[in-house]
Amino acid sequence: MSLLTSVITFASVAFSSLTPNVSMADEAGCGVNTPCQVESGEYYIALPDKPADVGQIGAIIYLHGWKGKASQAVNNKALRRLANELGVALVVPQGVGGSWSYPGSPSQDRDEFAFFDEMLSDVSDRFPVDRDKILLAGFSMGGSMVWNLACYQGENYAGFAPIAGAFWDPIPQECPSPLTNLYHTHGIEDKTVPMVGRAIGANWRQSDVFDSLDVWKRQAGLYRTEPTSVIAGDLECDVWSSEGEKLELCLHDGGHSMKANWIRRAWLDLANTKHW
């Protein structure tokens, strides 16, 4: 399978501070420069200059990778431009110690499922965010956290856009949540999170991406269904669908990297699927 090139690594993306919706952030007491506090942790939020909707707006929640800092990610130029152009909020929670505590993770520092419940409630209480219009995205370990939230709390989000991170062993046999529009993106040359998985020390293992996909395919009755092939810029995607819900695997020929445009594509496709 031939893939297009031009991959931009996450580490090379410059950070810059863009102008948030100052009045709303001031009223809430937190935003881009000051984190919003909940019982289990904190998050940053950037509001669009021109919201897409007059009333409540949608949101993209972005989960950083290992050792990431939410204070930097919320000022990522590409992510901020993406959210601003879409007229949605960019929400960036902070992982404890720059990591995420999902099943199989080396980090077990926080009940992440409780934290994300707290954060969603706080976001919708402080800001005019529509709980039915939230895309959860993440990179690397943040992508793995996205997979676990899709599995165990999938009803809380409209869709998911994990990049370069899937389940870790042990892979769940099934998920309590139904399949809900999951757009997975991965580089075929990724050595940090290889698609076939790899051991991390003696006690942990990143799972095979295809094994992770099989969980959803079995559960949604798509296991023996042939996907539709789609070319989307530098991505080649296999798309499975079931009763209006989508499961996608999009590959690029680069390594451990992310592009804001991959998240943009997921948002636009999700908005089209949901008729927003």
Side-chain angles (χ1 to χ4, degrees), residues 8-100 110 112 115-131 133-143 145-146 149 156-158 161 163 258-264 266-267:
I8 300 175
T9 61
F10 180 68
S12 70
V13 178
F15 294 102
S16 70
S17 180
L18 306 179
T19 304
N21 187 321
V22 178
S23 59
M24 194 178 297
D26 285 347
E27 183 177 337
C30 59
V32 173
N33 299 314
T34 303
C36 301
Q37 302 286 341
V38 296
E39 183 177 350
S40 300
E42 63 184 29
Y43 67 92
Y44 292 81
I45 184 170
L47 298 165
D49 297 330
K50 296 180 180 179
D53 300 314
V54 176
Q56 291 185 311
I57 60 175
I60 294 173
I61 299 176
Y62 178 78
L63 310 187
H64 60 72
W66 186 65
K67 294 299 182 183
K69 293 183 178 180
S71 60
Q72 291 181 333
V74 76
N75 284 302
N76 177 285
K77 184 177 180 180
L79 290 174
R80 288 286 293 280
R81 183 184 298 115
L82 162 66
N84 209 40
E85 289 176 354
L86 293 175
V88 303
L90 174 65
V91 180
V92 187
Q94 178 62 54
V96 176
S99 187
W100 302 101
R110 175 173 65 189
E112 300 289 14
F115 167 64
F116 278 89
D117 272 344
E118 294 167 9
M119 184 186 71
L120 287 174
S121 295
D122 196 70
V123 167
S124 59
D125 285 346
R126 292 187 197 238
F127 304 97
V129 169
D130 188 339
R131 288 283 296 265
K133 293 184 178 180
I134 297 178
L135 174 69
L136 183 66
F139 175 64
S140 194
M141 284 194 82
M145 188 69 242
V146 170
L149 286 163
N156 292 342
Y157 308 89
I163 300 171
M258 71 84 71
K259 285 184 179 181
N261 273 342
W262 299 336
I263 301 174
R264 179 195 300 273
W267 175 271

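Since the model is a prediction, treat every value here as computed from it, not as a measurement.
Here the closest heavy-atom approach between residue Cys36 and residue Gly31 is recorded as SG-N, 4.2 Å. Across all their heavy atoms, Glu42 and Gln37 have their closest contact at OE1-NE2, 3.0 Å. Contact record, Ala70 with Gln94: N-OE1, 2.7 Å, taken as the closest heavy-atom pair. In terms of heavy atoms, Gly58 sits closest to Trp267 at CA-CH2, 4.0 Å. The shortest non-hydrogen separation linking Cys30 to Phe127 is O-CZ, 4.0 Å. Taking each heavy atom of Ala73 and Leu90 in turn, the nearest pair found is O-CD2, 4.4 Å.
Side-chain contact check for Asp122 versus Met119: every heavy-atom pair is 4.5 Å or farther apart. At least one side-chain heavy atom of Ile61 sits under 4.5 Å from a side-chain heavy atom of Tyr157. Using a 4.5 Å heavy-atom threshold, the side chains of Leu149 and Asn156 count as separate.
The line from CE of Met145 to OG of Ser140 is 14.0 Å long, rounded to the nearest 0.5 Å. Interatomic distance, Leu82 CG to Lys259 NZ, rounded to the nearest 0.5 Å: 13.5 Å. Between the CZ atom of Arg131 and the CG atom of Leu120 there is a distance of 4.5 Å, given to the nearest 0.5 Å. Taken from CD1 in Ile134 to CD1 in Ile60, the straight-line distance is 11.0 Å, to the nearest 0.5 Å.
Tested against Phe139 for a side-chain contact (heavy atoms from CB on, under 4.5 Å), the candidates Ile163, Ile263, Val146, Leu63 yield a single pass: Ile163. Screening Ile45, Asn75, Val74, Leu79 for a side-chain contact (heavy atoms from CB on, under 4.5 Å) involving Val92 leaves a single residue, Val74.
Put simply, the side chain of Glu118 gets close to the backbone of Ser40: a donor and an acceptor are under 3.5 Å apart. Side-chain atoms of Asn76 do not come within 3.5 Å of backbone N or O of Gln72 as any donor-acceptor pair. Of the possible donor and acceptor atoms, none in the side chain of Asp49 sits under 3.5 Å from a partner among the backbone N and O of Asn84. Between the Trp100 side chain and the His64 main chain, a donor and an acceptor come within less than 3.5 Å of each other.
Residues meeting the ring-ring contact (aromatic ring centres under 6.0 Å, His included) test with Tyr44, sequence neighbours left out: none. The ring-ring contact (aromatic ring centres under 6.0 Å, His included) check on Tyr43 picks up nothing, with sequence neighbours excluded.
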